[in-house]
Amino acid sequence: MKEIRHKVDGDTVSIKVAEVEEDLEDFRTFVRANVKVLAADSEATGLDTYAPGHRTRLWQFGTAHESWVIPVELGGQFAEDTRRTLLGVSELWFQNGSFDLQEADKHLGVPMEKLWPKVRDTKIVSHLVDPRGQEEGGYGHGLESLTRAYIDPAVADEVKGSMTALARQYKTTKAKIWEKVDLFDPTYLLYAGMDPILAARLAKKTLPLVPASSRPLLAFEHEVSEICSYMERTGFLLDREYTERLSAWLLGQEERYKEIAATLGVENVNSTDQVAEAFIQRGVKLEKRTASGKFQVDKAVLKPLIEAGDELAIAITEAKKAGKWRSTWVDTFLATADEHGRCHASINSLRARTARMSITGIPAQTLPSSDWMIRRCFVADPGHDIASVDYKAQELRVLAALSGDHNMIEAFSRDADLHLITARAAFGEHITKDSKERKYAKVVNFGRVYGGGVKTVQEQTGLDKETAQTVVDGFDRAYPGVARLSKQLQKEARRDGFITTPSGRRLPVDADRAYSALNYLVQSTSRDVTCRGLVKLHKAGFTPYLRLPVHDEVVVSLPREKAEWGANRIGELMTEQMGPVLVSTDPVVAGKHWGSEYQVDENGDPDWELREKADAEIKAAGLW
DNA sequence: CAGGTTAGCACC
DNA sequence: AAACGGTGCTAACCTG
């Protein structure tokens with residue numbers, strides 16, 4: 001047994017390392033003495049728990065003053081004692097427990113289901129104390145920044161620097177040091193052994209700081225995190241054959257368009273400098289500049305050129321698109337699929353300032369939605385169908401409920417066309433459903449929720465200032481309760497520095513951007529609606545079928561014979577009555593692959609013509 | 001030359 | 001008086 005002593009916040013703490021199996025006798029004594037509550041952590045070869053070749057290297061357990069480092073990589077009794085400790089201790093504190101529980105489940109054979117009931121997560125606590133990242137004026141939610149804020153800045157600096165220094169010493173990168181470092185390297189052991197000590201201290205310091213209004217959210221957020229961790233573990237089945245064909249096809253597209261761009265003088269389509277230079281050479285007047293003073297050559301700038309048939313603009317856009325789609329999505333899916341052909345997303349169930357989730361690995365929130373190509377890579381389990389259940393106009397319904405605006409509530413209660421109502425308030429009763437005015441109104445309906453005004457409406461619609469003003473005024477006239485709520489929230493935000501959502505969550509609002517308070521409230525409450533839906537689905541036993549949450553939507557894989565029934569049942573469970581507003585859902589069974597649900601008509605029924613067209617496109621592209 | 005920043009683009 | 005909120009990922013570019 002090896003012991004490392006270190007100073008933390010004026011105390012001397014002791015890190016003990018089990019080097020040989022005989023050392024475990026003392027470890028067991030330590031666990032018995034702290035069987036009610038311990039902090040725990042694990043170190044692995046990387047963050048990709050499900051990647052082939054991934055290994056867990058260490059498990060660590062500790063109190064505020066003492067920790068033990070167990071080299072589970074050596075297997076045998078080390079792994080066995082770790083299992084017994086995880087299962088035997090009554091309360092386990094983690095910093096981001098979702099990660100460690102996947103490690104325990106996949107690489108130690110301890111099912112997450114057995115651990116979740118006793119998990120407490122300092123990251124969840126930290127988010128409820130202050131949801132802001134460091135860039136936003138908060139403390140952040142990583143162990144290092146939390147240590148700096150709540151425990152001991154000197155220790156935070158050591159933690160920050162230690163693995164970077166090791167990477168240099170081992171002549172490798174920060175990403176690779178985790179698998180390269182010697183299992184008993186003293187710096188590594190100090191780093192690893194410190195983690196549970198810090199987590200234990202964080203728990204003590206931060207738990208009392210959770211505002212009274214937010215305390216009921218503690219249990220709720222642990223449950224949401226648990227459900228998301230099961231989705232991560234399940235993974236989403238990849239259609240490898242299709243995905244490989246798609247990758248090859250995209251590569252072909254990229255090369256074809258790159259060649260055209262090259263003949264027109266652009267060697268590297270991804271270089272904005274080169275692109276701008278080439279257009280200036282062609283006599284195009286570039287006007288807009290970026291923040292750092294460069295010529296802007298984004299989609300909005302290229303759009304009119306493409307419409308005018310400019311070959312270079314078309315070639316650059318298409319080459320960039322094909323390249324990005326391949327590298328960001330298609331090839332990443334192929335590279336990260338596990339031995340069963342499943343991709344595992346990483347779901348941060350409590351991420352944004354507004355508590356919105358984020359999903360990485362499979363960046364589910366940013367996959368192209370109007371184009372079926374990318375989502376089509378993911379398929380239902382054998383014998384299953386994909387279904388997607390989304391909330392109907394979730395944020396607007398939530399806004400109606402929160403603002404109590406009579407017109408908006410009334411419109412939703414009779415399933416009226418909200419965009420048409422806004423359009424008519426702006427332009428008059430003669431406006432029809434398929435008019436361009438309704439399209440402008442739609443932009444404003446969403447834009448107002450985001451806090452946008454006349455200028456942004458102009459940018460998005462191309463309208464002149466007066467007409468844009470007319471639509472915005474139409475919105476404000478149609479739903480006066482919205483402006484009223486916004487005003488009230490801004491007052492609250494300026495007074496307190498935060499607003500409180502109906503779920504009790506505190507949302508800090510920057511004084512110079514008080515207008516964002518309305519958006520924060522709507523976005524956060526919408527997220528809570530989706531998460532309450534997830535909890536209901538979990539309680540009803542649907543968890544094994546859940547694949548991904550996407551803001552206002554849940555994607556599931558359901559046994560084919562029960563898919564219609566299941567999707568409708570899920571839709572019912574997710575539906576929530578918010579005061580006078582029914583936040584209802586729209587279940588759609590898509591078929592064998594994800595993405596096909598987008599070939600539906602306005603009633604949500606399959607649009608066979610569109611589907612046939614999509615199939616023809618797939619065949620024509622040689623992807624079949 | 002590893003790692004941070006910027007520009008651009010994908011989504012709700 | 002007016003105010004576009006939130007997210008992730010890549011290639012290019014920049015820097016210590």
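Here the structure is a predicted model, which means the values were calculated and not measured.
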Taking atom types as they are modelled, would you say the side chain of A:Q523 forms a donor-acceptor pair with the base of C:dG5 within the 3.5 Å cutoff?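 Result: at least one qualifying N/O pair found.
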
Ignoring hydrogens and angles, answer whether the base of B:dC9 and the side-chain atoms of A:K299 contain a donor-acceptor pair closer than 3.5 Å.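 Looking at the base of B:dC9, it does not pair with any donor or acceptor on the side chain of A:K299 (distance under 3.5 Å).
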
Short side-chain N/O contact from [X] to OP1 or OP2 of [N], under 4.0 Å:
{"X": "A:Y515", "N": "C:dG5", "value": "yes"}
{"X": "A:R289", "N": "B:dT6", "value": "no"}
{"X": "A:T366", "N": "C:dC9", "value": "no"}
{"X": "A:R353", "N": "C:dG5", "value": "no"}
{"X": "A:T173", "N": "B:dA2", "value": "no"}
{"X": "A:S369", "N": "B:dC12", "value": "yes"}
{"X": "A:T290", "N": "B:dA7", "value": "yes"}
{"X": "A:K174", "N": "B:dG4", "value": "yes"}
{"X": "A:N268", "N": "C:dA12", "value": "yes"}
{"X": "A:Q296", "N": "B:dG8", "value": "yes"}
{"X": "A:S271", "N": "C:dC13", "value": "yes"}
{"X": "A:S292", "N": "B:dA7", "value": "yes"}

Pairing donors with acceptors under 3.5 angstrom, does anything connect the side chains of A:D464 and A:T467?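 Looking only at side-chain atoms, A:T467 and A:D464 do form a donor-acceptor pair, the distance falling under 3.5 Å.
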
Touch class at under 4.0 angstrom, heavy-atom based, for [X] against every strand present:
{"X": "A:V522", "result": "nothing"}
{"X": "A:Y520", "result": "sugar-phosphate"}
{"X": "A:G133", "result": "nothing"}

Are the side chains of [X] and [Y] in touch, meaning some heavy atoms are under 4.5 Å apart?
{"X": "A:H419", "Y": "A:F446", "answer": "yes"}
{"X": "A:P363", "Y": "A:W329", "answer": "yes"}
{"X": "A:V554", "Y": "A:L534", "answer": "yes"}

Given atom [atom1] of [X] and atom [atom2] of [N], what is their separation to the nearest angstrom?
{"X": "A:K288", "N": "B:dG8", "atom1": "NZ", "atom2": "P", "result": "10 Å"}
{"X": "A:H141", "N": "C:dT7", "atom1": "NE2", "atom2": "P", "result": "10 Å"}
{"X": "A:E254", "N": "B:dC9", "atom1": "CD", "atom2": "C1'", "result": "15 Å"}
{"X": "A:M357", "N": "B:dC11", "atom1": "CE", "atom2": "P", "result": "20 Å"}
{"X": "A:H127", "N": "C:dT7", "atom1": "NE2", "atom2": "C1'", "result": "12 Å"}
{"X": "A:D512", "N": "C:dA3", "atom1": "CG", "atom2": "C1'", "result": "11 Å"}
{"X": "A:D331", "N": "C:dA11", "atom1": "CG", "atom2": "P", "result": "10 Å"}
{"X": "A:Q490", "N": "C:dA3", "atom1": "CD", "atom2": "P", "result": "12 Å"}

Quantified as the angle between the terminal helix axes (five pairs each), what is the overall bend of the helix from B:dC1-C:dG16 to B:dC12-C:dG5 to 10 degrees?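 Inter-axis angle at the ends, rounded: 10°.
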
Kindly point out which of C:dT7, B:dC11, C:dC9 is positioned nearest to the side chain of A:A352?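 Among C:dT7, B:dC11, C:dC9, the one nearest the side chain of A:A352 is C:dT7.
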
So which nucleotide from C:dG6, C:dC9, B:dC9 ends up closest to the side chain of A:D298?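 Output: B:dC9.
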
Between A:E395 and A:R351, name the one whose nearest nucleotide on DNA chain C is closer to the 5' end.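 Per heavy-atom nearest nucleotide, the more 5' residue is A:E395.
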
Nearest-0.5 Å distance that lies between atom CG in A:L350 and atom CG in A:N348: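 Reported value, rounded in 0.5 Å steps: 7.0 Å.
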
From A:T336 OG1 over to A:D48 CG, what is the distance, rounded to the nearest 0.5 angstrom?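 CG of A:D48 is found 9.0 Å from OG1 of A:T336.
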
Donor-acceptor check, side chain of A:T354 to backbone of A:Y520, threshold 3.5 angstrom: yes or no?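 Side chain of A:T354 to backbone of A:Y520, a donor-acceptor pair under 3.5 Å: no, none is there.
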
If the threshold is 4.0 Å, N to carboxylate O, is there a salt bridge linking A:R148 and A:E144?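 A salt bridge links A:R148 with A:E144.
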
side-chain contact (heavy atoms from CB on, under 4.5 Å) between A:V457 and A:Y440, intermediate numbers included: CA-CA 8 Å; A:V457 171; A:Y440 304 147; 6.0 Å; no

